[in-house]
Protein chains: 4
Amino acid sequence: MVKSELIRGPQIITPKDSAMILAYTNTEPGSKVVDAGTGSGFLAIFLATYLNPGKVYTYENDYRFVKIAKENIKKSGLSKFIVLRNADITKGIKEKKVDLITLDLKDAKKVVKHAHKALKAGGYLVVYSPTVEHLIEVIKEIKKNKFKGLKTIENIVREWKTDYTTRPKTMGIMHTGFLTFAKK
Amino acid sequence: MVKSELIRGPQIITPKDSAMILAYTNTEPGSKVVDAGTGSGFLAIFLATYLNPGKVYTYENDYRFVKIAKENIKKSGLSKFIVLRNADITKGIKEKKVDLITLDLKDAKKVVKHAHKALKAGGYLVVYSPTVEHLIEVIKEIKKNKFKGLKTIENIVREWKTDYTTRPKTMGIMHTGFLTFAKK
Amino acid sequence: MVKSELIRGPQIITPKDSAMILAYTNTEPGSKVVDAGTGSGFLAIFLATYLNPGKVYTYENDYRFVKIAKENIKKSGLSKFIVLRNADITKGIKEKKVDLITLDLKDAKKVVKHAHKALKAGGYLVVYSPTVEHLIEVIKEIKKNKFKGLKTIENIVREWKTDYTTRPKTMGIMHTGFLTFAKK
Amino acid sequence: MVKSELIRGPQIITPKDSAMILAYTNTEPGSKVVDAGTGSGFLAIFLATYLNPGKVYTYENDYRFVKIAKENIKKSGLSKFIVLRNADITKGIKEKKVDLITLDLKDAKKVVKHAHKALKAGGYLVVYSPTVEHLIEVIKEIKKNKFKGLKTIENIVREWKTDYTTRPKTMGIMHTGFLTFAKK
C-alpha cells in the first residue's frame, strides 16, 4: 500500500515532489535512507516502498506526529523497513554510510553538517524548502559543508481538462516547494 | 544501476516524467507491467528498478532499437525482471491481468483497446503524448474504451541558480510531453 | 479611466493578455484597429486607451452584450475613439487598411480570411484561443491565408507572497488562453 | 516607432514585462512618470509611447548608457515626451506628484523612500528584481515606507510550435525578473 488510506496529519510533501527525489538522485533499491521530520510518515513510506528492501530511518521530534506516523507505517505494511525515531535530528544523526538523506523541516539548515558526516561518499542530500528564505539558508550551509553537484528545482504540475475540449485547467497548484539536491 | 551509463538511442522519456508514473498511479512493487515502445529501454529499466521484484514486458518493433535496448538492459543488471519483445504492440498484447501499461509511441491510439483487455480491474494505463494532436487522439480512444479516472498533466521542472544570488535559470526546458493517466 | 468600474458581462480577456497584444505587435498610437467580439468592451477600451488617438471598430453580434459594452464605453470617456458595430464579423469587415485586428470569438476561424483583406501590409492579426481545438482551427486558416511571422504564446502570471516569507502563492490561475500573432 | 531599431546596450526589461506595468497599474495616458535606470532607454520609450501625451523623466548615472539612451530616444521620435537626467536617483527625485515610478536598478532599495515622497496619492511604484535577494530587500523598504496594495508577480511566456503539430517549444525563457507593484 503506497499513498492512499494514510492519515493526513501535518502538511505532507506531495507525491510529485517525492517522486522527483527518485528521478534526480538515482537512489538504488536496498539503500539506507535517513528522513526528517517524519510528519505523517508519507515520505518515509514512499521511499520504503520504492527502495525496497532498503531501510528508512525517520526522525520526528513532535510526539503528536510520531503517533500519526506510527499508525500510518503500520497500515503501510512496511514496518520492517522503517525505523521511526522520536528524536531531534538537529542534535545529530546516528546512522553512518547513508545513501540518501531527505530533510523537510524548519531547521533543515542545522542538520546539513550532520548529514555530511552521516552520508557515504557519493550519497545524496535532498532538502525541501517551502520558502526562498529557507532555501537561501540551506544553500549557504550546503556550500559551507563542501557538498558537490548542487541543484535546486521547482516542479510544477499543470492539469489539463479533456472533457469536451482540450485546455489546461483554469486554476491549479502553482507552488509546493523548492527541492535542493547535493552530493557528498 | 538506474539511469546513468545507458546508451542513448531514440528520444527517451525523461526521469521527471518517468517518476510521475510512480507518483500518480500508486503502482506497487511486484507489479506486472507492459511498456511500449521500448526505445533505448530507459523507462522499462526505471520501472523494473523501482517496482522490483515486478516484471516488465517491453515491446519494440524497430530492430535497431531492440539492439540498443538489449545492451542497456544487460548493463542495468535487471535482465531477470525485463522481457524484451521484438513485436508490434498495435497488433495486440500477450500479457493478461497487467497492473500498469505505459505507452510512448506514435500509434498509441491503436494500442488503447488492447490495453483495456490486458489490464486487470483497477490497473493503470499511462500514455506519453509529445503533441496535442497525439493527446487528442489518445483521449478519444480512452473514452471510447470506458476507462475511468482520466487525468492529463504536464510536469514542468524549473531549475534555479544559487551561485551568488538566487533566481530561476534564464533558459530551460519548457516542454517534454503530456502524461495521461486512466484506470480500468 | 482604464480598467476599473466597468460592468463585467461575458468573460473578458484579462489585462495580462491584453497587454501582450501591445508587447508583441508594436502597434503605434494612432492606429486603426478592428476588434471582435466586443463582449463587455474591455479589450476595445484597453486598446483605445493606449493607442490614443487611434480608432477602434468593435463588432458584436449579440445584442445583450452590445448594451453592456455601450455603457462601458460611455463610462470610459473614450466614445470618440470607439465605434461599436452591432454586426456579425464572420460576414465581413467594412474597414480597410487596418493596422491591428483582434479576435476573441468562437468562430474566429471564419474571420481570418476577412482579416487578411482588411489589414494593411504589415498589419497584425491577433487571435485569442481558450482551447487547443480552437487554436488548431485558427492556425490552419492563418496558414491558408498566407500570413507571415506566425507566433503562438501562453502567458502565465504567477503571484508571489511576501508577507512574512517569500514564496509563490500556492494556488493561482494556470490558464487563460493562447494568443496567436500573425502579420500580413 | 516603438520597440524595433533601437540600439541594445545594457540588459533591457523585456516587452512582456514592460507591458505588465500597463496591465497592473491602470496608468492613464497623459501621466507623469519617473524611470530609473534608463539603460538603453527601452522602458522610457515604451512608456512614452503608450502614455502619450505623458512625460517620462528617466534617470541614468552611467554616462556610457546616457549616450546610447540619447540616441535611442532621438530615433523614437519621442524626445518631446522624455527628459533624460544624467543623475543618481539614489540621491533623490526632483519631480513631484508623480503618477508612476519604475525602477530597474541594483540599488532600487535606496530609491523606495524617495519614490514615496515623489508619488502623488494613489500613484504606483513598480520595481523589477532579477533575483530574490533583490526582491526581498525591496519588499522590506516598501513595507517600511507604508505603501499599500503590495503585489509581486512573475510573468512567464511560453511559446508554442504550430508547424506540423501543436506543442510548446522544447526550450524557452524560464525567467526574466520579478515585478513588484505598490501604491502610495
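A note on names: the letters A, B, ... follow the listed sequences, proteins ahead of strands, and every chain is numbered from 1.
- Proximity of C:Ile101 to C:Val127: side-chain heavy atoms (C-beta onward) are nowhere separated by under 4.5 Å.
- Between A:Phe81 and A:Pro53, the closest side-chain pair of non-hydrogen atoms falls below 4.5 Å.
- In this structure, no portion of A:Leu135 lies under 4.5 Å from any heavy atom of chain C.
- Side-chain contact check for C:Phe178 versus C:Pro130: every heavy-atom pair is 4.5 Å or farther apart.
- Side-chain contact check for C:Met174 versus A:Met174: some heavy-atom pair is nearer than 4.5 Å.
- Taking the side chain as every heavy atom from C-beta outward, C:Val98 and C:Val33 never approach each other to under 4.5 Å.
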Could you please show the donor-acceptor pairs under 3.5 angstrom between chain A and chain C, with distances rounded to 0.1 Å?
unit_1, atom_1, unit_2, atom_2, d
A:Val132, N, C:Thr166, O, 2.9
A:Glu133, OE1, C:Thr166, N, 2.7
A:Glu133, OE2, C:Thr166, N, 3.3
A:Glu133, OE2, C:Thr166, OG1, 2.6
A:Glu154, OE1, C:Arg158, NH2, 3.1
A:Glu154, OE2, C:Arg158, NH1, 2.9
A:Glu154, OE2, C:Arg158, NH2, 2.6
A:Arg158, NH1, C:Glu154, OE2, 2.9
A:Arg158, NH1, C:Met174, O, 2.8
A:Arg158, NH2, C:Glu154, OE1, 3.0
A:Arg158, NH2, C:Glu154, OE2, 2.6
A:Thr166, N, C:Glu133, OE1, 2.7
A:Thr166, N, C:Glu133, OE2, 3.3
A:Thr166, O, C:Val132, N, 2.9
A:Thr166, OG1, C:Glu133, OE2, 2.6
A:Thr170, O, C:Met174, N, 2.6
A:Thr170, O, C:His175, N, 3.4
A:Gly172, N, C:Gly172, O, 3.0
A:Gly172, O, C:Gly172, N, 3.0
A:Met174, N, C:Thr170, O, 2.6
A:Met174, O, C:Arg158, NH1, 2.8
A:His175, N, C:Thr170, O, 3.4

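- In this structure, C:Ile73 and C:Leu84 have side chains that are in contact, with non-hydrogen atoms separated by less than 4.5 Å.
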